[in-house]
Amino acid sequence: MKVNFYTYNYNTPNKVSFSSNARTYITKKEEYIGTMTFLFRDDLDWPKLANCAIQNFKNKPKVNVVQFASSDGSEAYSFIISMLEESPQFAKKFLPLQAYDIDPEVVRAAKSGYINLTKTDIDNLEIYTNGNNKYFAKTGTKLIIDNDYIFESGPNNTGDFAYKTYKVSEELTKNVQFNNKDMYKVLDELEDNFDTILMCRNILGYFDITRARYFIDIVAQKLKPGSLFVIGGFDCDTHKTLDQYIESKNFVEILPYIYQKIPN
Ligand SMILES: C[S@@+](CC[C@H](N)C(=O)[O-])C[C@H]1O[C@@H](n2cnc3c(N)ncnc32)[C@H](O)[C@@H]1O
């Protein structure tokens, strides 16, 4: 199945991109997948997510944060930074988080301890850290991701949207484990003790509605009341009725794209 991309057709070189990587690949099921992501992707209010998580699990000693479709690590780092910036004290019980992606190439990049960041990423980082970035350092190393259409010099060598490779700080790398695994398999094995945040953002939109709904069905069976489920803007833009379907499975949307499981 071919999927139309959200804003840009990343498969065409020379298109402007805002993401920290723009790798694409085709799966054995002939699904056309993109690994594009960026720091503090703006379909989510990250400080609100952090505060909501802290409040929601205030009586829990430990919270199991599971991130599917983790790509190059941008999303894991956004979560960790948001927690640390909101409350270093409470952040501890949410970390380290477990991140999963089915694509070995993007997992290799995530595990490398380096990340490619564009000006958009750096601008977002400045905002979310109040100009005090201690999380990524410039480096001479180059992280090359196979089939990535992000340009080192920007389209037409303008420098716009160009990326640079940064070293990820230990504060971040020690708080995430990247795994190369299919989220459907991980979900089958998941055991929730009323203390899970399950993030699965901007991948269900690549699947057909039957496959996306099947995923929601299993999430609804697995998550216990009080646990949180987080999806992405692309998922809802592609499948217009996805939010209603999630709510029909005993979830309440407590913030945009953030659902809380309620008793059946
Ligand atoms: C568009 S990226 C989304 C990245 C990030 N979650 C975000 O919202 O910015 C989608 C990612 O899902 C991954 N993916 C696709 N199918 C998957 C599966 N069955 N299990 C785990 N990851 C999968 C892709 O390899 C890709 O890195």
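Note that these values count all heavy atoms, side chains included, but never hydrogens, waters or copies made by symmetry. Not measured: the values here are computed from a predicted model. Atoms within a ligand are numbered from 1 in the order they appear, just like the ligands themselves.
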**Message:** Heavy atoms only, cut-off 4.0 Å: how does Ile33 contact ligand 1, side chain, backbone, both, or neither?
**Reply:** side chain

**Asked** Has ligand 1 got any nitrogen or oxygen that is less than 3.5 angstrom from a nitrogen or oxygen of Asp101?
**Response** yes

**Message:** Below 30° counts as parallel, above 60° as perpendicular, anything between as tilted: where do the rings of Tyr77 and Phe178 land?
**Reply:** perpendicular

**Item:** Note: Asp43-Arg201 ion pair, threshold 4.0 Å (strictly below)
**Value:** yes

**Request:** Could you list which atoms of ligand 1 come closer than 4.0 Å to a heavy atom of Asp103?
**Result:** 25 (O)

**Rounded distance (nearest 0.5 Å) linking atom NZ of Lys240 with atom CD1 of Ile209** = 11.5 Å

**Request:** Indicate whether the side chain of Ser19 and that of Thr37 have a donor and an acceptor atom separated by less than 3.5 Å.
**Result:** no

**Item:** Close side-chain approach of Lys249 to Ile216, heavy-atom, < 4.5 Å
**Value:** yes

**Asked** Could Asp217 and Arg213 be called an ion pair, given the rule that one side-chain N must be under 4.0 Å from one carboxylate O?
**Response** no

**Message:** Please classify the Ile102 to ligand 1 contact at 4.0 Å (heavy-atom distances, strictly less than): side chain, backbone, both or neither.
**Reply:** both

**Ligand-residue contact atoms, ligand 1 with Thr37, heavy atoms, under 4.0 Å** = 4 (C), 5 (C), 7 (C), 9 (O)

**Item:** Of the listed options Tyr206, Tyr25, Tyr184, closest to atom 24 (C) of ligand 1 (non-hydrogen atoms)
**Value:** Tyr25

**Asked** Which bit of Phe234 is near ligand 1, meaning a heavy atom under 4.0 Å away: side chain, backbone, both or neither?
**Response** neither

**Request:** Could you check atom 7 (C) of ligand 1 against the protein and tell me its nearest heavy-atom contact, residue, atom and distance included?
**Result:** Arg41 NH1, 3.3 Å

**Asked** Near Asp182, which atoms of ligand 1 are under 4.0 Å from a heavy atom of that residue?
**Response** 18 (C), 19 (N), 20 (N)

**Complete:** Going by the 4.0 angstrom heavy-atom rule, the piece of Glu75 near ligand 1 is side chain

**Request:** Have a look at ligand 1 and work out which part of Arg201, if any, has a heavy atom under 4.0 Å from it: side chain, backbone, both or neither.
**Result:** both

**Request:** Could you tell me which atoms of ligand 1, counted from 1 in the order shown, lie closer than 4.0 angstrom to a heavy atom of Thr35?
**Result:** 2 (S), 25 (O), 26 (C), 27 (O)

**Message:** Any donor-acceptor pair under 3.5 Å linking the side-chain atoms of Gln177 with those of Tyr100?
**Reply:** no

**Complete:** At under 4.0 Å between heavy atoms, what of Lys181 touches ligand 1? The answer is backbone

**Enumerated ligand 1 atoms positioned under 4.0 Å from heavy atoms of Gly34** = 1 (C), 2 (S), 10 (C), 26 (C)

**Asked** Atoms of ligand 1 less than 4.0 Å from Met36 heavy atoms?
**Response** 1 (C), 2 (S), 3 (C), 4 (C)

**Request:** For the residue pair Ile33 and Asp103, establish whether any side-chain heavy-atom pair is separated by less than 4.5 Å.
**Result:** no

**Asked** Of all the non-hydrogen atoms in the protein, which one sits nearest to atom 15 (C) of ligand 1, and at what distance?
**Response** Ile203 CD1, 3.3 Å

**Message:** Evaluate Ala69 for polar contact with ligand 1, using N/O atom pairs at a separation under 3.5 Å.
**Reply:** yes

**Prompt:** Considering only heavy atoms from C-beta outward, does the side chain of Phe94 approach that of Ile54 to under 4.5 Å?
**Reply:** yes

**Message:** Counting only nitrogen or oxygen atoms and a 3.5 angstrom limit, does Ser70 reach ligand 1?
**Reply:** no

**Request:** Please state whether Gly232 comes within less than 4.0 angstrom of ligand 1, counting heavy atoms only.
**Result:** no

**Prompt:** With only distance considered, is Phe207 within less than 3.5 Å of ligand 1 through an N or O on each side?
**Reply:** no

**Fill in**
From the list Leu117, Asn124, Thr118, Asn21, side chain to side chain contact (heavy atoms under 4.5 Å, CB included) with Phe38 holds only for Asn124

**Message:** When you compare the side chain of Asp243 with that of Tyr259, does any pair of heavy atoms fall below 4.5 Å?
**Reply:** yes

**Prompt:** Is there a side-chain contact between Ile197 and Val230, using heavy atoms and a 4.5 Å cut-off?
**Reply:** yes

